[in-house]
2 protein chains.
Amino acid sequence: MSNGASKRVTQRDVARAVGVTPATVSYALNGLPGVSDELRERIKAVADEMGFRPSRLAVGLRLGRTNTLGLLLPDVANPFYPELASGVIEGASAEGMQVFVAQVGLDGRDHAPAVSALVDSHCEGLLFTAVLPHDIPMLADLRARGVPFGFINRRIEGFDADWVGIDDFAAAKELTSLVLEGRQRVAVFGGPERSSVSAGRAAGARAALAAAGRTPLPDGMVGDLTRESGVERARALFDARGPVDLVVCGNDVIALGVMDVCHERGFAVPDDVAVTGFDDMSFASAGPLRLTTVEVPRQEMGRQAVASLRRRMLGFTGEPQVVELPYTVRRRNTA
Amino acid sequence: MSNGASKRVTQRDVARAVGVTPATVSYALNGLPGVSDELRERIKAVADEMGFRPSRLAVGLRLGRTNTLGLLLPDVANPFYPELASGVIEGASAEGMQVFVAQVGLDGRDHAPAVSALVDSHCEGLLFTAVLPHDIPMLADLRARGVPFGFINRRIEGFDADWVGIDDFAAAKELTSLVLEGRQRVAVFGGPERSSVSAGRAAGARAALAAAGRTPLPDGMVGDLTRESGVERARALFDARGPVDLVVCGNDVIALGVMDVCHERGFAVPDDVAVTGFDDMSFASAGPLRLTTVEVPRQEMGRQAVASLRRRMLGFTGEPQVVELPYTVRRRNTA
DNA sequence: CTGAAAGCGCTTACAG
DNA sequence: CTGAAAGCGCTTACAG
């Protein structure tokens, strides 16, 4: 025993033990009519005792339904995604579904191989968290194959699909307006150029500035959503212009990088340089940090996305569903 | 088209298109002998053009090998685990394996249902990140069924299995000795009582104190690895004893909670109260935080665990493999 | 070099 | 109320 050989108990084993055919075991265990109560109980008891568990592979092959969903996550240096994933996994598990997690490149580069592997494994639905416009051909192909999918967080202009997220534009505008006050020299450190989320946040910040009759500094508007990128952009910015009044960042991680540089140069936050983040990651509220930011309901986004996807998997073919969740501006100590 | 019906192209479709039997398609695509080069190329071309991809379900059922691995993660409020997961997913994907991710309760409670679902799906190996001693019966059952598994991070005293982690005892001892200096009143805020990792870290801290002829304060030794727990324990501690000299925390998240309370009470860190963390999570090095902690190679732990597990899946039956990775003590500004 | 057949573990009409 | 048969999509001995 325990020689590595599969010790799986099959339906047939149970059938033999009880003295019926496998079909009867199937009927009994799946609660279909046509089996006497007494026999059903006996089969259940034997199955339990033998530790029989139907093979999901066999059931999936036979039924053409696997109860499996695929989740595509970009590189997890960004703590935004794990919490999204947690919501997805929790929501899926509550519905008896399993989740294959695949990783795509930073910022969502190179979805194709991951999607292919997921489809090969009969995922019945896919959830994308970091789509970019160049993914459209792949998505169109997916749609043609009849594989349901949904977007979380990012979406693609002009390519409709179920989506769950927040109003990034409104949130960024509100945050920026709130902290703008008299600050004149304002930099906006956005995320990747083609990310709908980053674009929305940057546009919101610019709109707030415009409403106050100001324009942002042209420095560092586009970059990765990483701390390193925040550091590099902040250094370049401060080298060129000294301590500016406010840096509006595309997420909390960039803001961390900016604060690193403020610390390194001895600029007081927010007195010399005010900084805002976005997402309200767990560390943002920490005592020594107290980052001013926007809380995004990441777990809830994941859960809602599963709910939408499940409807599709069950055959719903209506218009793309848009779920816009509430956000909360958190004004703390950095702006 | 696109009515939700499965648009899967099967081997048989390809066979029909080429005018051969499905078996020939299988031989051709899998590079087996017995197919002329010319025919093989033609079959490959047609398969590609039709977008044929073998069903992993069918292949898995037929071969009894699914190339799938299951990863069990506790509640992801703790950023420790996503980075571990990233290493696992990356390592698996490099080997052509897919990863089912399942979530278990906080601190690893209630593994059983998740394990069961993973085994039902024919995962060929399981990776546990937060085992507890009471999981032994479940693990023994797994072993009896011939399902290979490995531990990352936590392990179980007296239950040998492949394990990847660091020497938590040595690391905690080194860190504590380094920052101890003249500090007399020292609290050790550990993690869950039965976690091998938390136990090792706490023991290491106590050993360092003992070596200096000191004993830790009895307050808050056991608790969850959460910020809330850090907050609660710090409040109770400071209520009872005022600002102690040093709080050695079981991880960075607890330390964050302690620093929240220092901030709230106006205690300067490290001058009034020194604080150490453990793990070196990304936020730990942030300018305003500069937490003194121990860097744990989380991604690498995940990758190595996949390598060990893969050997088992390929039939290796030798002694349990123990992989102890190097850690790095990071002395920054909080102690 | 190619084809027909069995079988992985299930489910579900269809007969009895 | 129960059993025999077909089939989901593959792979692999086994004949030809």
Side-chain angles (χ1 to χ4, degrees), chain A residues 5-44 46-47 50-68 117 119-124 145-146, chain B residues 5-44 46-47 50-68 117 119-124 145-146:
Chain A
S6 140
K7 285 259 159 299
R8 242 172 203 290
V9 175
T10 69
Q11 194 183 70
R12 195 209 312 240
D13 296 331
V14 176
R16 250 198 288 259
V18 178
V20 295
T21 68
T24 305
V25 174
S26 175
Y27 285 125
L29 263 25
N30 292 321
L32 302 188
V35 186
S36 70
D37 284 355
E38 190 216 2
L39 181 56
R40 187 186 304 276
E41 287 315 313
R42 193 148 58 91
I43 289 174
K44 275 188 179 161
V46 173
M50 298 178 72
F52 168 68
R53 311 239 58 204
S55 157
R56 282 214 183 208
L57 247 44
V59 173
L61 190 60
R62 177 62 239 239
L63 260 40
R65 309 202 343 91
T66 54
N67 253 283
T68 297
V119 171
D120 291 354
S121 290
H122 292 242
C123 283
E124 293 187 81
R145 287 166 181 260
Chain B
S6 142
K7 285 258 160 298
R8 240 170 205 290
V9 176
T10 69
Q11 193 184 70
R12 194 212 309 244
D13 296 331
V14 176
R16 250 199 288 259
V18 179
V20 294
T21 67
T24 305
V25 174
S26 175
Y27 285 125
L29 263 25
N30 291 322
L32 301 188
V35 185
S36 71
D37 284 356
E38 189 215 3
L39 180 57
R40 189 187 303 275
E41 287 315 312
R42 192 148 59 89
I43 289 174
K44 275 188 179 164
V46 172
M50 297 177 75
F52 168 67
R53 311 239 58 204
S55 157
R56 283 210 182 210
L57 247 44
V59 173
L61 190 59
R62 179 62 238 237
L63 261 39
R65 308 204 342 92
T66 54
N67 252 281
T68 297
V119 171
D120 292 353
S121 290
H122 293 241
C123 284
E124 295 185 78
R145 288 166 182 262

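With rounding to whole Å, A:L29 atom CG is found 13 Å from C:dT12 atom P.
Among the nucleotides D:dA4, C:dG9, D:dT11, the one closest to any side-chain atom of A:T21 is D:dA4. Side-chain proximity of B:R62 to the nucleotides C:dG9, D:dC1, C:dC8 is greatest for C:dC8.
Among the heavy atoms of the strands lying under 4.0 Å from A:L39 are primed sugar atoms or P, OP1, OP2 only; no base atom is included. Using a 4.0 Å heavy-atom distance criterion, A:G64 is classed as making no nucleic acid contact. Backbone-only engagement by B:T10 is indicated by non-hydrogen atom pairs under 4.0 Å involving sugar-phosphate atoms exclusively.
What you find for B:R40 and B:P33 is that their closest heavy atoms are NH2-CA, 4.3 Å. In terms of heavy atoms, B:R56 sits closest to A:S121 at CD-OG, 3.1 Å. Closest heavy-atom contact between B:G51 and A:R145: O-NH2, 3.7 Å.
For a distance-only test at 3.5 Å, the side chain of B:Y27 fails to qualify as a donor-acceptor partner of the base of C:dA4.
Between A:V25 and the options A:V46, A:V14, A:V35, a side chain to side chain contact (heavy atoms under 4.5 Å, CB included) holds for only A:V14.
Positionally, the nearest nucleotide of DNA chain C for B:P33 lies more toward the 5' end than for the other of B:H122 and B:P33. Take the nearest nucleotide of DNA chain D for B:F52 and for A:T24: the residue whose nucleotide is more 5' is A:T24.
Under 4.0 angstrom from either OP1 or OP2 of C:dC8 there lies at least one side-chain N or O belonging to A:R12. Under 4.0 angstrom from either OP1 or OP2 of C:dG9 there lies no side-chain N or O belonging to A:S55.
D:dC1: Watson-Crick or G-U partner is C:dG16, with both key distances under 3.5 Å.
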